[in-house]
Every structure is written in C-alpha cells, then in structure tokens.
Colleague: 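Pasting a structure here, questions to come.
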2 protein chains.
Amino acid sequence: MNSLTEENYLKALLALSTNSDEVSINDLAKHLDIKMPTVTSMMKKLASKKLVQYESYKPVKLTKKGKQEAAIIVRKHRLTEMFLVEKMGFGWEQVHDIAEQIEHIKSPPFFDKMDELLGFPKLDPHGSPIPDKTGKIVWKHYEKLSDCKKGDTLMLSAVLNSSADFLKFLNSRNLKLGTHIIIDAIEPFDGTMSVSIGKRKEILSGLVCEKLLVENITH
Amino acid sequence: MNSLTEENYLKALLALSTNSDEVSINDLAKHLDIKMPTVTSMMKKLASKKLVQYESYKPVKLTKKGKQEAAIIVRKHRLTEMFLVEKMGFGWEQVHDIAEQIEHIKSPPFFDKMDELLGFPKLDPHGSPIPDKTGKIVWKHYEKLSDCKKGDTLMLSAVLNSSADFLKFLNSRNLKLGTHIIIDAIEPFDGTMSVSIGKRKEILSGLVCEKLLVENITH
DNA sequence: ATAATTTATTAGTCTATTCTAACTTTGTAG
DNA sequence: CTACAAAGTTAGAATAGACTAATAAATTAT
Ligand SMILES: [Mn+2]
Ligand SMILES: [Mn+2]
Ligand SMILES: [Mn+2]
Ligand SMILES: [Mn+2]
C-alpha cells in the first residue's frame, strides 16, 4: 500500500507525463513544491517499488504499474469532485481542495458507491476524463482556445486549471462547460482574444485562453 | 492544526473519559494498540499544546480545549457515518472504518454540507449523539440491556460497539435501532438473556447485552 | 512492612519525509 | 573546446511517530 506522500508523487508524475512521459526531477520538485534532493530520494524509493524507472541524471518515467496506480488516485479525485458537485451542491471552484484529501481514502466500496450514485460518469466537473477502474484515461480531442482562429464558434469543454481563483474568474464571466464562445478578434502580440459569450463581449488574456479546452462547432 | 495521529489520540482520550475523565497511560496504550512509552511522549506533546493535563505517574485528563477538539473529530466521524448510511446507502456495519478516515478531512464546509443535507441530525446510525459545533455532547438516558430485569419491554436505542462483526451479528438477529425486546428470562450465572424480538425467541450472551443500550417502554 | 506485580518513564534506535550545503554531471554559449 | 549555468546527487541533520530494553514509581498481596 502506498503512503499518502507516495500517492501525491505518483499523481504529480502522471500529470507531468502528458507530453513526453519523461519527467525531470526539477519539474517534479517545482510541481510538488519540494526540494530536488527530497525528490531524488523518493524516486529511488518508487523505483524500488517498481513504480518508476530511474537512473541517475536521467529523467524519470512511470512504469505501467506506476501509471496504473497514479490513474486510480486520479479516478478517486475526479469521482469525488463530481460527487461533491452533483450530489452535495458544491460549486466547481470549491471541490478540488477537498478532493485532494479524499483521494487518499482507502475504501474501494466508498468510491464504487459514488460512481454508482453518479451513474458512472465519464467526466469530472472540470471536463477532465475520469479514469476507469483499470486506470485507462481517454481524453476527447479538444483544442486549446488559444489555438483557435478568428471567427470560430466554440464550446467550452474542459479547463486545464482547477484553482478556485481561476474558476471564480470564469464564473464572473459566465463561462461554464457547454458555454458557446465566438472569437471576434485576436491580438497578435500577446494572444489576447475578444470574444462573444452569448450577447456579452469579453476580453480573455492569452494565459486564460491556454487553459480553456474547446470543441470547434463552427457551422 | 493537529495531525491525524494527534487527532486519534484525542478521540481515544475522550472515549476513555466517559466515567472518571481521568485516563491511564496503560488504558490509552491498549485502546490505541500502541506501546506505553510512545503514549507517554505523545502526552507530553499534547500537554505542551494545552490539550491535556499531564504529570508524571498520574493519569491524564483532557483540558477543556482538548475535550472540545476531540468532540469536533467525533462530530465529523458521526456526521460521516450518518451521511454514508442515509445518503449513500451503506449498511450501519460498513460505515465505521470509512468514517475513521474521513473524520480527518480538513474542510468545515464539507461537514457543514453533510449536516445540512442530513437535516441537522442529532444521532448517528449507531444511536450515539452527534456533538454540536461547539463540542457539546448530550447522551439520552439509556440503560444497558444487561441492567434490565425479567419481563421488561425495551426498545433498542444505541449500540456501544460499532465493529462490523458485532453489527452483522445484530443484523442476523433482526436487531435494529427501534426494535422492541422483551426479556423472557435471565441466566443468573452469566447474564445470558432469553428474549422475544417480535415473534422470534433469541438468546443473547451477557457480553452482547452489555453493548446494547435500551429505553424501557414496559407498560 | 515487605515483596511481588503492574504501571510509567528514560534512553536509545528506527523509518518516513523533509531540509541545507557542498559537490558532480550535463548542457549550452562562445 | 572551454567556461558557466542548470540540473542532479551526496552527505548530514531535523522532526514526527513508533519500538525495545532497562529502570523507577506506584499498587497490591502477603
Ligand atoms: Mn481537481
Ligand atoms: Mn492529494
Ligand atoms: Mn463509528
Ligand atoms: Mn481516525
């Protein structure tokens, strides 16, 4: 059984493996806000448990086993978020921090029951896929709003940042999953977009646009 | 903020304070299944946090502050058990172990929401009172079945043991909170009782009878 | 009032997780 | 191909929590 600490390392490794599946000690240290030597020694420990592949001075890689166990934590995190929103009435900006703790609860029946009560959801409240019980994760083919072009009509489908601050910002602009966005103009210098959300006109900074995943529904 | 470990010590102290409000290191060690020297050093730590009163070679006592913080953990534990039974469909024999973990979640809104969704319950699924937010705990005046006499008609109101084994035993005898019990005979030697539960006749050992709290409803 | 037993404390060790300081390796810019 | 910066490792120390062995205090039994 992995400790809470080990589980958080596994989850961070998975989160940082989206592109290359190789993760540097430095990135991991920054992501977890832990110093590099601490990370190095934890990598040795996880390697001894066959959860990562580790060699001195090289980036780390999750093994199949490590990937699977990380995905199970993510599953528990996302099921929890969905439960908090759908069954307990929390806002999507309130659930991440609670889920960060509940994901470590050891009780398969507890999460199975959530899953069942929710009707076996495929997505969490932020649009991210809920891994299945075997650890498989299937992302739909979304694109970043920042990669879309002027005139496109898009549907907000997922957010890449679940911090309360960011989500409260989206709330204040009436941006929810499913909301339609039309790109009126793009500032070439910094990627700031002028968009229409329903009847309202809004300005979204490049940084915000990079965190919004959309589906192109231009007619 | 107290650690999970400290919280479990506080809860044990409160549980063992029911009578005398003084707790011996030895009892605490047995209750927590931890060796005495470890308990001694934790008592020193809790004393430095003003949560217990500790002097060498004397029994420990929870301070007002310690009692309050312990009760808040118990509140979270019992709200959780109630939520698991009432809102998630678990049996009363399944919830204690999950609550033992969830009681340590740091999120007042999470437990407030449970409380609200449950309609501010006063009792948990095992008949124990749910402490209020200030830490006050009010037990109703129940008596132990083992203290009742032949001919009494009683209503099962609470159980003093929440282990899955014990509760599964009660399930198998159709004993639930609210069930009526009539004492047909008491074996003087060991306190074994012959009782009527509805139309059924059952035999309950003295040990079982001591764990059942009842309300006397003899006409 | 002793002796025996039980309870509690000290001292020293261990594992898990983290840190800082110092050193080494790798990668990059001339 | 050096020289410097960035990334990574080693060594040593700290804290939380738990253990064992040895010792001391308090209780109980004779
Ligand atoms: Mn989240
Ligand atoms: Mn976490
Ligand atoms: Mn319980
Ligand atoms: Mn607990």
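Letters go in sequence order (proteins before strands), and every chain restarts at 1. Just the heavy atoms: all of them, side chains too, but no hydrogens, waters or symmetry mates, feed the values below.
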Colleague: Measuring from the side chain of B/Lys35 (C-beta onward, heavy atoms only), which nucleotide among D/dA25, D/dT20, C/dT26 has the closest atom?
Modeller: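 For the B/Lys35 side chain, the nearest candidate turns out to be D/dT20.
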Colleague: Classify B/Lys58 by what it touches in the nucleic acid, base, sugar-phosphate, or nothing, heavy-atom distance under 4.0 Å.
Modeller: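 The answer is nothing, as B/Lys58 stays clear of every strand by at least 4.0 Å.
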Colleague: Would you please classify the geometry between the A/His126 ring and the A/Trp92 ring as parallel, tilted or perpendicular, with 30° and 60° separating the classes?
Modeller: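 Parallel, since the angle between the ring planes stays under 30°.
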Colleague: Tell me what B/Ser41 touches on the nucleic acid: a base, only sugar-phosphate, or nothing, going by heavy atoms under 4.0 Å.
Modeller: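 If one applies the 4.0 Å heavy-atom cut-off, B/Ser41 turns out to touch nothing in the nucleic acid.
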Colleague: Just call it for A/Lys30: base, sugar-phosphate, or nothing, with non-hydrogen atoms closer than 4.0 Å on any strand.
Modeller: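 Here A/Lys30 touches no strand at all.
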Colleague: Answer yes or no: is there an ion pair linking B/Glu55 with B/Lys61, defined by an N-O contact shorter than 4.0 Å?
Modeller: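 No, no charged N to carboxylate O under 4.0 Å.
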Colleague: Counting any heavy atom closer than 4.0 Å, what does B/Thr38 reach on the DNA or RNA strands: base, sugar-phosphate only, or nothing?
Modeller: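 Counting heavy atoms under 4.0 Å across all strands, the contact made by B/Thr38 includes a base.
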Colleague: Do B/His77 and B/His96 have their ring centres less than 6.0 Å from each other?
Modeller: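 Yes.
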Colleague: Can you work out whether B/Thr40 or A/Met36 has the more 5'-proximal nearest nucleotide on DNA chain C?
Modeller: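 So the residue in question is B/Thr40.
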Colleague: Do the side chains of A/Asp97 and B/Lys106 get close enough for a salt bridge, i.e. N-O under 4.0 angstrom?
Modeller: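 Salt bridge absent between A/Asp97 and B/Lys106.
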Colleague: Which nucleotide in the set C/dA8, C/dT20, C/dT17 lies at the smallest distance from any side-chain heavy atom of A/Met42?
Modeller: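 Among the listed nucleotides, the one closest to the side chain of A/Met42 is C/dT17.
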Colleague: Nearest to the side chain of A/Glu6, which nucleotide is it out of D/dA25, C/dT17, D/dT9?
Modeller: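 In terms of side-chain proximity for A/Glu6, the closest of D/dA25, C/dT17, D/dT9 is C/dT17.
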